[in-house]
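Below is one structure, written out as structure tokens, with a few remarks after it.
Quick note on labels: first sequence line is chain A, next is B, and so on, each numbered from 1. Small disclaimer: the values here were computed from a predicted structure and weren't measured.
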Amino acid sequence: MHRIAERKEDFMVRTRFAPSPTGYMHIGNLRTALYAYLTARRNKGVFILRIEDTDQERNIPEAVAAIYKGLALAGLTYDEGPDKDGGFGPYVQSERLNIYREYAEQLISSGGAYRCFCKKGDLDVGEEGPKRRDPCRFLSPEGVQEKISLGESFVIRQRIPEEGSTHFVDAVYGEITVENSQLDDQVLLKSDGFPTYNFANVVDDHLMEITHVMRGQEYLSSTPKYNLLYESFGWSIPTYVHLPLIIKEDGSKFSKRLGDPSFEDLVKMGYLPEAIVNYIALLGWSPGDDREFFHLKELEAIFDIDRINKSSAAFSFDKLTWLNGEHIRALTPEAFHQLALPYYPAALLQYDTQKISELMQVRTEKLTDIPAMVAFFVAVPEYDLDMYVHEKSKCDPQISLEILRASLPVLENLDTWNNDSLFTALKTFGTEAGYKTGTVMWPIRTALSGVLATPGGATALAEILGKEETLCRIKDAIAKLESASGV
RNA sequence: GCCCCCAUCGUCUAGGGGACCAGGACGUAGCCCUUUCAAGGCUAAGACCGGGGUUCGAAUCCCCGUGGGGGCACCA
């Protein structure tokens, strides 16, 4: 039944992403998925999605959907998975219970495992001293039979050798050796018949012919136990690729529970999925040259396990924000416009939003910044008069009033209303009146926006606002300046 | 407590015995450009955890120390 198909491509790289359904995509998980995906793609291999839902108490309904959604959002397409049979299914662990039971029994027969009748927590390690072996591992076959017939529930535990040490080579961390005496007789099959992760991952990775087991570094120390399992079964050991942790800049854990964003959260915060993926790729891996901007497709061509780092990496929102800006600027104007549109207030639609987007694209770092940046188009906010003070433009409220008054007829008489004609007209006006261009533009820009920074200068704003609204706002500003100065 | 892992600018990193008085990026500061702010360009400050070895020579190799992280569940 669960026989391994004879494959010609024995060397075919097969990687897997095996999340448990928690309801969201943790940043660390996303990176694990990404690296596994990239390794498969780079080697023309197969990327598999497997759902690890062996914890009955922790399963969240709908959580599997979040996994699909997350992967799709990131652009990580899998070749085999629950909804994409590749002949190695089922790809959901709760549907493989009979398989685990069968292999657990096999292990008991070969002596690699035994039944344990202790109650939960009985074997908890003490504060000090070597951990003691489970008494049940020494139970006679008769004793076991007796307890079974009495209906006592049991778990199946791995029988770790008393002597010796276990050694393996990790693709990232190199050689690792652990004394067997340090390893505990971990539970393989729980009393509810479900396997533990520790057992299921070994059985599945073998049956699914995973060549590169990629996972977080937190599994590094239990890997010797998995090796012992592989050995007990007589299976060949896959290449292990343990990934360094992702932490925060203060060195603490990056955790959803502690309020740190998940992948989905980051997207809601205005980051582009592609920028997040790009950034995540660089947390723990480097291409070897100075490039930092990558599209997924480019990563697929150059990602290399050999260049994965050992030490944990801190997640920097600053750098992600910068990279997000890079990705935004790399978008076509139309693509950016489509992304920006949902962030524009309804009232903005009276204007040429396409043009607004053109001005916004180079200035947007996060999509969520957009509403605040365009709010003035809809309505000029209350602002202080010293907004008209600008040293570099040699401007103050007095001069501003002069300029606004004088430029009003210039604008009123302008027939062609676009950025170029506006700029030419105002520049000419300034030259003739003896003002620097900047001195003319500052009060107008301020009058039109009421804010310190705008996407585009005075004439760009005027073009978008249109002649009528522009003149109206300038008159308002004149009135405001007049009432303040008492003139 | 025991075991395992890690250690280059604040952060991400390049570096795998001489090409390093350590390179790039983010962030920070300044300048240029300029119709505000950005973007772009230029410049500056900023690191090999400490101590021993090995070697003609060490950021690179070894050992010890220190610091940080991870693991020791019928969770993954």
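Judged by the 6.0 Å distance and 45° axis criteria, Arg50(A) is not positioned over the aromatic ring of Tyr91(A).
Annotation: G17(B) and C56(B) have their C1' atoms spaced 12 Å apart (nearest Å). Atom name P, nucleotides G52(B) and G16(B): the rounded distance is 26 Å, in whole Å. A73(B) sits 38 Å from G10(B) when the C1' atoms are compared, rounded to a whole Å.
Between the C1' atom of A14(B) and the CH2 atom of Trp285(A) lies a distance of 13 Å, rounded to the nearest Å. For the pair Arg157(A) CZ and A73(B) P, the computed distance is 9 Å after rounding to whole Å. Protein atom OH of Tyr435(A) is 17 Å distant from nucleotide atom C1' of U35(B), rounded to whole Å. The nearest whole Å value for the distance from the CZ atom in Phe294(A) to the C1' atom in U13(B) is 12 Å. Atoms CE (Met360(A)) and P (U36(B)) sit 18 Å apart, rounded to a whole Å.
Phosphate proximity of A7(B) to Asn309(A): absent, as no side-chain N or O sits under 4.0 Å from OP1 or OP2. A sub-4.0 Å separation between OP1 or OP2 of C75(B) and a side-chain N or O of Lys190(A) is present. For A76(B), the OP1/OP2 oxygens have a side-chain nitrogen or oxygen of Thr54(A) closer than 4.0 Å. One finds a side-chain N or O of Arg307(A) lying less than 4.0 angstrom from the OP1 or OP2 phosphate oxygen of G15(B).
In this structure, Asp170(A) reaches neither bases nor backbone, as no heavy-atom distance under 4.0 Å exists between it and the strands shown. Residue Glu326(A) is classed as a sugar-phosphate contact, given heavy-atom separations below 4.0 Å to backbone atoms only. Across all strands shown, Phe315(A) has no heavy atoms under 4.0 Å from either base or sugar-phosphate atoms. Counting non-hydrogen atoms under 4.0 angstrom, Thr446(A) reaches nothing in the nucleic acid. In this structure, Ser286(A) reaches the sugar-phosphate backbone alone: every heavy-atom distance under 4.0 Å involves primed, P, OP1 or OP2 atoms, never a base.
The only option from Arg157(A), Arg137(A), Gln158(A) that meets the side chain to side chain donor-acceptor pair (under 3.5 Å) definition with Asp185(A) turns out to be Arg137(A).
Pairing of C26(B), defined by two Watson-Crick or G-U wobble distances under 3.5 Å, is identified with G10(B). Searching all strands for a Watson-Crick or G-U wobble partner of G18(B) with both distances below 3.5 Å returns C56(B).
Checked by atom type, the side-chain pair His295(A)/Asn278(A) shows no donor-acceptor distance below 3.5 Å.
No hydrogens or angles were tested; on distance alone, a donor-acceptor pair under 3.5 Å links the side chain of Thr454(A) to the base of U36(B). On a pure distance criterion of 3.5 Å, a polar donor-acceptor pair joins the side chain of Ser191(A) and the base of C74(B).
Taking every side-chain heavy atom of Trp322(A) into account, A25(B) is the closest of A38(B), A76(B), A25(B). Here the side chain of Ser311(A) is nearest to one of G70(B), G24(B), A7(B), namely A7(B). Taking the side chain of Ala313(A) as heavy atoms from C-beta on, and the options A76(B), U13(B), A25(B), the nearest nucleotide is U13(B).
Between Asp184(A) and Lys225(A), at least one side-chain N (NZ, or NE/NH1/NH2) sits under 4.0 Å from a carboxylate O, which counts as a salt bridge.
Phe194(A) does not qualify as a stacking partner of the C74(B) base, lacking a centre-to-centre distance under 5.5 Å together with planes within 30°.
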> Does the ring-ring contact (aromatic ring centres under 6.0 Å, His included) test come out yes or no for Phe17(A) and Tyr78(A), once each step is laid out?
Replying inline: CA-CA 9 Å; Phe17(A) 174 51; Tyr78(A) 47 89; 9.6 Å; no
